[in-house]
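Working notes for the structure below.
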Amino acid sequence: QELGVLDPIIAELETQGVEVHIYNGVLPDPTYAQVEAGVNIGKQATCDSVLAIGGGSSIDAAKVIAVAITNAKPVAKLTGLGKVRKAGLPLYVIPTTAGTGSEVTLVAVISHPETHKKTPVIDPITMPVAAALDPEIQKGMPAHITATTGMDALTHAIESYLSRAATAETDRYALAAVTMIFEHLPRVYADGNDMQARESMSVASCYAGLAFTKAYVGYVHAIAHNFGACYGTPHGLANAIVLPYILEFTMDTCADRMADIAVAAGLGERQQDATALAKRLLARVQELNAEIGIPRKLDSLRAEDISGLAKAALKEAHYLYPVPKYMDQAQCESIIQKMLA
């Protein structure tokens with residue numbers, strides 16, 4: 001709101017005779033209380049629809065606000081798979097970042113206020129009615145936010161393509177997203193006013209969202225979610241740090257699929273050796289992270305937390321995420337150990 005993004009939107013809505021009530025209390029990793037506050041405003045104002053303008057946190061909160069108003073349940077009772085019974089208020093979305101793809105997914109992630117555990121609301125009813133992708137809104141986004149949200153989108157695309165639940169449809173969306181992100185993320189990081197690159201990143205994020213909402217994600221997200229819960233690590237940053245380590249872990253199982261991604265990223269030809277292409281993909285992800293200021297290690301990670309982080313990550317992943325290769329506690333701890341600064 002302080003950046004002036006809302007002003008022209010509100011003016012147009014009022015011109016169309018739409019009464020507007022603003023809730024701007026959503027913070028990164030929104031909590032139950034933040035969502036309940038939005039629900040109270042919506043009920044008191046007898047709102048008949050919800051418009052979400054913001055990044056993934058704002059959109060996720062709006063999804064749950066829209067269904068909590070009509071379902072007469074506290075947020076805690078909506079978390080989980082298929083807990084929403086009634087249709088929510090119509091939800092419209094204008095993303096201000098290119099990363100989460102939340103505008104086209106059936107998932108909203110809300111944080112428990114005490115444990116800080118990420119608790120998803122997973123239900124087709126949370127899907128927005130419509131979304132508008134406008135790169136002009138993202139023009140003033142800081143470079144580091146551009147970088148981390150862009151890597152969030154890349155993680156969605158890669159994990160959905162490597163998923164055992166991938167389909168021909170999700171593959172097309174995922175590879176299209178990969179192609180655009182590898183080309184345009186370095187450009188928009190270097191020049192935030194590159195509107196062609198911003199538009200391509202917005203579309204890529206949306207495509208990646210369409211892919212992972214059906215094929216789902218994997219261990220990168222499982223570990224990243226718990227970094228966020230334990231240390232408050234921004235989700236895109238956590239995904240970006242974890243991604244290379246999980247690619248290295250899964251390479252022996254899905255070199256062929258990783259080779260497809262490498263070809264989409266312009267790193268070689270499909271007739272080349274699959275393992276060699278998979279290694280090029282890993283190297284390119286590491287190079288891209290370095291190019292856009294993503295560290296290889298997590299500064300806040302503490303050795304004494306690793307066992308608990310691994311246990312929580314495996315509990316999240318097993319067996320909700322259709323990962324290409326399962327890991328055990330010792331393997332997960334070993335991977336997280338590599339991220340110690």
Side-chain angles (χ1 to χ4, degrees), residues 101 151-168 170-175 177-179 181-182 208 211-227 235-268 270 272-290 294 296-298 301 306 309-340:
M151 289 303 296
D152 190 17
L154 182 63
T155 303
H156 292 153
I158 290 177
E159 286 206 293
S160 63
Y161 193 80
L162 299 182
S163 167
R164 291 185 184 274
T167 66
T170 63
D171 284 354
R172 287 193 295 271
Y173 281 126
L175 292 180
V178 163
T179 301
I181 293 167
F182 274 111
F212 91 82
T213 200
K214 292 185 177 181
Y216 233 68
V217 290
Y219 285 125
V220 179
H221 275 74
I223 295 172
H225 282 154
N226 285 284
F227 283 170
H235 180 62
L237 174 61
N239 273 342
I241 292 172
V242 177
L243 179 58
Y245 298 96
I246 298 302
L247 288 177
E248 184 177 31
F249 170 76
T250 57
M251 189 180 299
D252 62 341
T253 300
C254 50
D256 282 341
R257 297 287 282 179
M258 287 178 64
D260 292 341
I261 299 171
V263 172
L267 303 176
R270 197 57 188 88
Q272 293 173 301
D273 178 72
T275 299
L277 287 170
K279 289 179 178 178
R280 287 186 198 174
L281 173 64
L282 172 59
R284 181 63 189 121
V285 170
Q286 292 170 327
E287 290 167 0
L288 178 58
N289 271 345
I294 304 291
R296 298 191 69 166
K297 311 288 184 179
L298 181 64
L301 179 61
I306 290 176
L309 287 165
K311 183 177 180 180
L314 295 183
K315 182 179 180 181
E316 175 179 329
H318 298 164
Y319 292 92
L320 178 62
Y321 299 163
V323 295
K325 175 186 178 182
Y326 285 108
M327 67 173 68
D328 58 25
Q329 177 74 18
Q331 288 171 317
C332 193
E333 288 184 21
S334 176
I335 289 170
I336 297 174
Q337 181 83 26
K338 295 176 182 179
M339 298 177 226
L340 269 175

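All of these numbers come straight from a predicted model, not from anything done at the bench.
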I want to check something: taking the side chain as every heavy atom from C-beta on, are [X] and [Y] in contact at a cut-off of under 4.5 Å?
X	Y	answer
T155	V242	no
L237	F227	no
I336	L301	yes
R296	Y245	yes
K297	I241	no
K214	T167	no

Starting at [atom1] of [X], measure out to [atom2] of [Y] and round the result to the nearest 0.5 Å.
X	Y	atom1	atom2	result
C332	I223	SG	CD1	4.5 Å
L154	I158	CG	CD1	4.0 Å
T250	R257	OG1	CZ	12.0 Å
L282	I261	CG	CD1	11.5 Å
I294	L243	CD1	CG	11.0 Å

Quiz item: Step by step, would you call L277 with D256 a side chain to side chain contact (heavy atoms under 4.5 Å, CB included)?
Solution: CA-CA 9 Å; L277 287 170; D256 282 341; over 6 Å; no
Practice problem: Kindly determine whether V178 and Y161 satisfy side chain to side chain contact (heavy atoms under 4.5 Å, CB included), including the steps that lead there. | Solution: CA-CA 10 Å; V178 163; Y161 193 80; over 6 Å; no
Where is the tightest heavy-atom contact between [X] and [Y], given as atom of each residue plus distance?
X	Y	value
A215	A166	CB-CA, 3.9 Å
A262	L281	CB-CB, 4.1 Å
Q286	P244	CG-CB, 3.9 Å
A264	T179	O-OG1, 3.1 Å
D152	N239	OD1-ND2, 2.8 Å
A157	A208	N-CB, 4.0 Å

Quiz item: Any idea how H225 and H235 line up, ring-wise: parallel (<30°), tilted (30 to 60°), or perpendicular (>60°)?
Solution: parallel
Practice problem: If the plane angle is over 60° it's perpendicular, under 30° parallel, otherwise tilted; pick one for Y219 and F249. | Solution: perpendicular
List the residues meeting side-chain hydrogen bond (donor to acceptor under 3.5 Å, both in side chains) with [X], not counting sequence neighbours, and say none if there are none.
X	value
K325	D252
Q329	E333
R270	D260

All salt bridge (charged side-chain N to carboxylate O under 4.0 Å, His left out) counterparts of [X], not counting sequence neighbours:
X	result
R280	none
K279	none
K311	none

Self-check item: Geometric cation-pi criterion, R284 with F182: 6.0 Å, 45°
Solution: no
Quiz prompt | R164 (side chain) donor-acceptor with P324 (main chain) under 3.5 angstrom | solution = yes
Exercise. Indicate yes or no for a side-chain donor-acceptor contact from S163 to the backbone of E159 under 3.5 Å, with no hydrogens or angles considered.
Key: no
Exercise. Begin from the C-alpha positions of L247 and L162 and carry the test side chain to side chain contact (heavy atoms under 4.5 Å, CB included) through to its verdict.
Key: CA-CA 10 Å; L247 288 177; L162 299 182; 4.0 Å; yes
Practice problem: Verify the distance criterion only: is there a donor paired with an acceptor across the side chains of Q331 and Y326 at less than 3.5 Å? | Solution: no
